[in-house]
Amino acid sequence: KIHFFSSKMSLSPNVFVADSVSVKDADCVVFVSDFQSKCSIESIQNAVEKALSIDESATSQVNLVGCEGVAGGRVVISPTGPISRDFDDVRRFADAAKTGVARAVKAGSVSPLLVVNFSQTKTTVGDFVNFLEVAALGALGQCYVPLEVREDDLAPSSAKKTIKSLFILSEKNDDNMATFLQSVEAGRAVCRDICGSDPERMAPLRAAEYVQALFKDTCVTVETRVSESFAERYPLLEAVARCSRCVNRHQPCVINLEYTGEGDIEKTLYFVGKGITYDTGGADIKAGGVMAGMHRDKGGASSICGFMHTIALLKPKNVRVVAKLAMVRNSVGSDAYVADEIIRARSGQRIRVGNTDAEGRMVMADVLCEAKEEALKSVNPFIFTMATLTGHAVRAYGTGYFATMDNGPAKKNGMSQTVADAGFLWGDPCEISTVRREDFAFIQSKYITEDVVQSNSAPSTATMRGHQFPAAFLTMASGLIDHGSNSENPLPYTHMDIAGSTQMWPTPVSGSPIMALVATFLL
């Protein structure tokens with residue numbers, strides 16, 4: 001059993017692999033099926049046929065029926081819907097398991113047994129190879145209880161209702177699978193805790209306290225950087241943060257996490273995360289009711305921290321991982337930074353501010369520059385920025401998908417394609433975008449007073465290539481432009497805009513792209 005950091009309760013239900021539908025510690029079966037073939041378990045198949053005899057919709061919507069010979073004497077029937085069309089993918093199983101477990105909890109189950117029936121064909125087996133694990137992750141994700149609820153002793157018991165354990169029926173009684181799934185879900189829960197909690201509960205320094213407690217006595221080291229002014233070390237970050245400094249509890253910080261696996265290091269991963277604990281828009285204020293939900297503008301930092309927690313639990317060998325989380329509140333007031341300010345970045349570039357609501361790229365750029373400097377001394381480095389950066393990414397690809405963009409060296413390494421392929425097979429899909437010459441032209445100096453323009457004055461959703469040109473800005477402002485494919489020291493760099501996959505309030509935080517990262521780097 002893995003012991004997790006917990007605030008009032010464990011970050012993930014216990015996960016066990018079972019070899020029988022009558023396992024004594026389970027109290028309900030959740031049966032997920034595409035219903036293109038009969039279930040080989042006679043008791044469950046009989047229950048399905050009996051349900052169909054009185055309700056022809058029994059296999060097209062979720063149902064709870066009695067069933068002799070199985071755990072708890074009851075079965076939740078949860079159909080996946082079609083899986084054989086060109087556009088179907090393994091998320092069908094996650095969605096069905098999520099719905100099924102929700103019904104089981106409503107019926108009073110605290111230890112459901114997940115049974116998955118998949119009618120494999122030659123055309124579907126490859127894309128659905130991880131159907132069982134993805135279904136289990138869907139079930140586990142449904143069971144998350146928000147941090148504010150867990151910490152509130154007066155919260156209604158109904159809000160805290162969830163499962164204690166998830167059993168998974170598998171022909172292979174594999175404890176490693178149980179440990180893996182529980183570790184991934186624990187990481188996703190960390191992401192949900194940080195990203196989903198309100199602006200005061202996860203103000204920068206309180207987020208740092210959470211992170212320090214999370215990694216105490218683990219193989220991940222934590223350094224919280226605080227300063228009366230970051231103007232020298234992170235000047236662009238300080239510009240955004242300075243208005244928040246008049247409120248002590250809103251002081252900014254940068255959280256540095258580091259993990260070094262056993263054995264010879266074969267690759268070094270650097271992650272820089274946007275951790276805007278609340279985004280008012282600053283002087284270019286978010287007006288007209290669009291500010292609500294901006295407590296989730298820390299999704300990049302949250303996902304990276306969750307990934308680091310999964311790493312701490314799984315302890316992969318031969319890899320070093322460094323995470324830098326820029327935790328800042330974009331406040332509005334008399335000391336707010338404004339458009340037309342010109343600030344010299346850590347890289348030496350002169351940056352003209354175009355829109356104070358484009359603060360995410362500002363807080364990451366200097367930290368990315370620092371990561372670049374460290375990467376030049378590291379073994380086989382790969383650099384990433386991750387952020388809920390633009391509404392344009394959501395407009396372009398919709399909710400449920402994150403966007404990836406490679407520089408030249410990363411593209412030669414096939415980084416975005418590797419992440420996309422891994423994410424697709426594990427139900428954490430992304431779309432690949434390309435940073436082009438127009439994006440660099442867009443942020444080019446407009447006058448002799450600056451080298452780079454941070455943004456235009458329009459929302460990203462109203463700007464052509466609104467999620468691609470910020471990647472060009474980050475490349476220029478950090479100095480990574482000097483480490484392209486034809487440079488003396490090429491550095492692979494991939495930007496991830498996760499605004500679409502994180503989900504906005506009140507939809508639960510997804511925990512994406514943690515599974516895609518795990519599948520890319522840890523499997």
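The analysis underlying the following values was restricted to heavy atoms, covering all of them including side chains, and did not include hydrogens, waters or symmetry mates.
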Centres of the Tyr401 and Tyr397 rings: under 6.0 Å? no
State, without any angle test, whether His250 and Glu200 hold a side-chain donor-acceptor pair at a distance under 3.5 Å. yes
Gap separating the OG atom of Ser433 from the CE atom of Met496, nearest 0.5 angstrom: 12.0 Å
Compute whether any side-chain donor of one residue and acceptor of the other, for Ser227 and Arg233, lie under 3.5 angstrom apart. no
Could you check if a side-chain atom of Val211 sits within less than 4.5 angstrom of a side-chain atom of Ile194, using non-hydrogen atoms only? yes
Please determine whether a side-chain nitrogen of the Lys or Arg among Arg352 and Asp451 lies less than 4.0 Å from a carboxylate oxygen of the Asp or Glu. no
Are Arg346 and Glu232 within salt-bridge range, i.e. N to O under 4.0 Å? no
Hey, are Ser378 and Tyr270 close enough side-chain-wise for a donor-acceptor pair under 3.5 Å? yes
Excluding sequence neighbours, so at least two apart, what forms side chain to side chain donor-acceptor pair (under 3.5 Å) with Thr404? Ser416
Mind listing the closest non-hydrogen atom pair of Leu376 and His483 along with its distance? CD2-CE1, 3.6 Å
Should Lys324 and Glu374 count as an ion pair when the cut-off is N to O under 4.0 Å? yes
Grab the two heavy atoms, one from Gln454 and one from Met362, that are nearest each other, plus how far apart they are. NE2-CG, 3.4 Å
Does Cys143 have any side-chain contact (heavy atoms from CB on, under 4.5 Å) partners at least two apart in sequence or in another chain, and if so, which? Pro13, Val101, Thr162, Ile163
If we ignore angles and hydrogens, is there a donor and acceptor under 3.5 Å between the side chains of Ser457 and Asn355? no
For the CG atom of Leu137 and the CD atom of Gln142, what is their distance to the nearest 0.5 Å? 13.5 Å
